[in-house]
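Heads up: the structure comes next, in structure tokens.
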Amino acid sequence: MTEPRRLRGHKATATCCIASRDKPGLVATSGEDGCICWFDMRCKDVKFVMDVSNEPISSLCFNSGNENIIYVSTGNEVKCFDVHTLADNSWKPLESYNYNKEEINQVTCNSRSSFLASADDGGEIKIIDIRQKRIFKTLRAGHTSVSLLFKPFACSYCICSSVQFIPWRPWESRSLRFYIVTGGLDSKFIIWDFSKGRPSKIVDFGLPDMHSGGNAGQCLNPAFVHSVKVPDVDILDKIGKICVVARGDGVIDVINTESELTATKPKSSTKSRKGTQSKGSDGGVPDENGRKWLHLDYSLGGHTAAVSCMTFSLFGEKGKFLVSGGNDKLVKVWDCSRCLDSWQTGDTNELLHLNINLTKKVNWLCTTPAESDNLVVCDTTKLVKVYTVS
């Protein structure tokens, strides 16, 4: 791996990055300086800088149907901007949503551009109806304060760190159900039926029997869920209806989300209100082929510290790779097709395609649909790094 290209524009640590699908090479990054920097990978310098907040920006996302619209989370607020209508040095938002009470960790837009979800430090997820410009639902009491099993880290958390819409179930016409997945610093992964405002499935990675194999080399940090990622609609046929979960103990879990949802049946009004909770170490519900969960851990060449961010590749054959970054100052490129095949065959050889050594911990990463300059990494510095992955 050659030396990365460095993008300059931020005055403080870069926190997040997103890449355009409609305009290959166009990348937006955010920072603790409250700015959004726009880069064209064909050019050397920053294209333009939006100074949108006095507070750090925690997350960015495009409107799924119109990439001229961008959503920005800063503090407990989500701001919406139309990039094409902005005047020079006038960064007035189209809309501003102030529904969250605590600091927002991630904002995301659903595939139909009808809803936003914002996950915050209080464990709440606000679902915002974009078209009606109002709050649709508040999801709470899923990520609850717990006493951790690891005594050196004994404290209570209910932070919801990550949220994603499930794109293949945008609205079931008969049952009128929407689904999202969330992860939190209570070590829980939750599948929500947000049309009803309650969990459908809760997986607690903090339970002793949920740890994967007890590999000697695996780090002993708590299994906080730092990030969750689901594939976009256009790559579902390649990698299936899965969700990947990035954990604080360095493990990445690949979960067959559809199998988990199919197996979840309301048994009573009380239980469906609370959601079903995984308690065993069997690694989830088998799908139609008998496959359960896949654990990408240290024994397979995985991370040795917390995994902070993941994304599916947009370059080459979309979805061929899963790219992860962690606090071990490593970026790992996993072969998705081999990972999915290993579910069927049990062969876990050569799942790791590429290992990239960094000098700093990873905050965020994204990929671009280009042959070069296609992996963008925000680390704990103000310089954004760009790599070429073949």
Side-chain angles (χ1 to χ4, degrees), residues 1-10 13-19 24-25 27-31 37 39 41 215 217-219 221 226-229 231 235 239 244-254 294-339 342 348-390:
M1 180 63 63
T2 59
E3 280 294 307
R5 177 181 171 187
R6 289 170 170 79
L7 303 180
R8 291 171 170 81
H10 288 290
T13 299
T15 55
C16 182
C17 55
I18 53 175
V27 173
T29 65
S30 64
C37 294
F39 298 96
M41 294 295 103
N215 294 302
Q218 197 64 49
C219 71
N221 291 337
H226 291 288
S227 178
V228 295
K229 188 68 176 177
I235 59 174
I239 60 178
V244 286
V245 179
R247 290 166 35 179
D249 57 359
V251 176
I252 298 172
D253 276 302
V254 183
L294 177 64
H295 304 282
L296 302 177
D297 60 18
Y298 177 83
S299 68
L300 301 177
H303 291 277
T304 57
V307 186
S308 54
C309 187
M310 304 167 300
T311 191
F312 292 101
S313 60
L314 294 180
F315 51 80
E317 181 185 345
K318 289 182 181 178
K320 178 175 174 57
F321 299 110
L322 171 69
V323 186
S324 62
N327 289 353
D328 52 4
K329 304 176 187 178
L330 293 171
V331 170
K332 295 181 180 288
V333 182
W334 303 88
D335 190 320
C336 282
S337 58
R338 288 182 181 271
C339 289
S342 73
T348 56
N349 291 323
E350 299 182 353
L351 300 185
L352 185 63
H353 173 75
L354 183 64
N355 205 51
I356 304 174
N357 292 288
L358 310 179
T359 58
K360 302 290 182 180
K361 298 177 181 179
V362 177
N363 281 335
W364 211 284
L365 49 78
C366 69
T367 62
T368 70
E371 292 184 5
S372 62
D373 290 346
N374 50 23
L375 171 60
V376 182
V377 179
C378 294
D379 57 27
T380 55
T381 71
K382 61 184 179 181
L383 297 177
V384 179
K385 314 302 191 303
V386 184
Y387 298 85
T388 295
V389 178
S390 58

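These values consider heavy atoms only, across backbone and side chains, with no hydrogens, waters or symmetry-generated copies.
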So CD1 of Ile252 and NZ of Lys229: to nearest 0.5 Å the spacing works out to 13.5 Å
So NZ of Lys360 and OG1 of Thr13: to nearest 0.5 Å the spacing works out to 9.5 Å
Between Met310 and Val244 the two heavy atoms that sit nearest each other are CE-O, 3.3 Å
To the nearest 0.5 Å, atom OG of Ser313 lies from atom CD1 of Ile235 at 7.0 Å
- Item | Leu375/Thr367 under side chain to side chain contact (heavy atoms under 4.5 Å, CB included): CA gap, chis, key distance, verdict | CA-CA 5 Å; Leu375 171 60; Thr367 62; 4.1 Å; yes
Correct closest heavy-atom pair for Val384 and His10 would be CG2-CD2, 4.4 Å
CG of Asn327 to CG of Asn363, rounded to nearest 0.5 Å, is 8.5 Å
Scanning both residues in full, the closest heavy-atom pair of Lys332 with Gly301 reads NZ-O, 2.9 Å
Value for CG (Leu330) from CG (Leu358), rounded to nearest 0.5 Å, stands at 7.0 Å
In short, Thr304 meets Asp328 closest at the heavy-atom pair N-OD2, 3.0 Å
Measure the shortest side-chain to side-chain distance between Val323 and Val331 over non-hydrogen atoms and say whether it is less than 4.5 angstrom. yes
Subject >> pair Val376-Cys366: side-chain heavy atoms closer than 4.5 Å >> reply: yes
Within the side chain of Thr368, is there an N or O that forms a donor-acceptor pair under 3.5 Å with the backbone of Asp373?
yes
Side-chain donor or acceptor of Ser30 paired with backbone N/O of Thr15 under 3.5 Å: no
**Message:** Between Lys320 and Asp335, does any NZ, NE, NH1 or NH2 come within less than 4.0 Å of an OD or OE carboxylate oxygen?
**Reply:** yes
For His295 and Leu300, what are the C-alpha separation, side-chain angles and deciding distance, and is it a side chain to side chain contact (heavy atoms under 4.5 Å, CB included)? CA-CA 9 Å; His295 304 282; Leu300 301 177; over 6 Å; no
Note: Leu365 and Gly325 closest approach over all heavy atoms is CD2-N, 3.7 Å
- Message: Please check this pair: side chain of Arg338 against backbone of His353, looking for a donor-acceptor N/O pair closer than 3.5 Å.
- Response: no
Do Ser372 and Thr388 have a side chain donor and acceptor closer than 3.5 Å?
no
> Sub-3.5 Å donor-acceptor pair from the side chain of Asp253 to the main-chain atoms of Val245, do we have one?
Replying inline: no
Between Ser308 and Ser227 the two heavy atoms that sit nearest each other are O-CB, 3.7 Å
Rounded to the nearest 0.5 Å, the CH2 atom of Trp334 sits from the CG atom of Leu322 at a distance of 8.5 Å
Item checked: Close side-chain approach of Cys339 and Leu294, heavy atoms under 4.5 Å -> yes
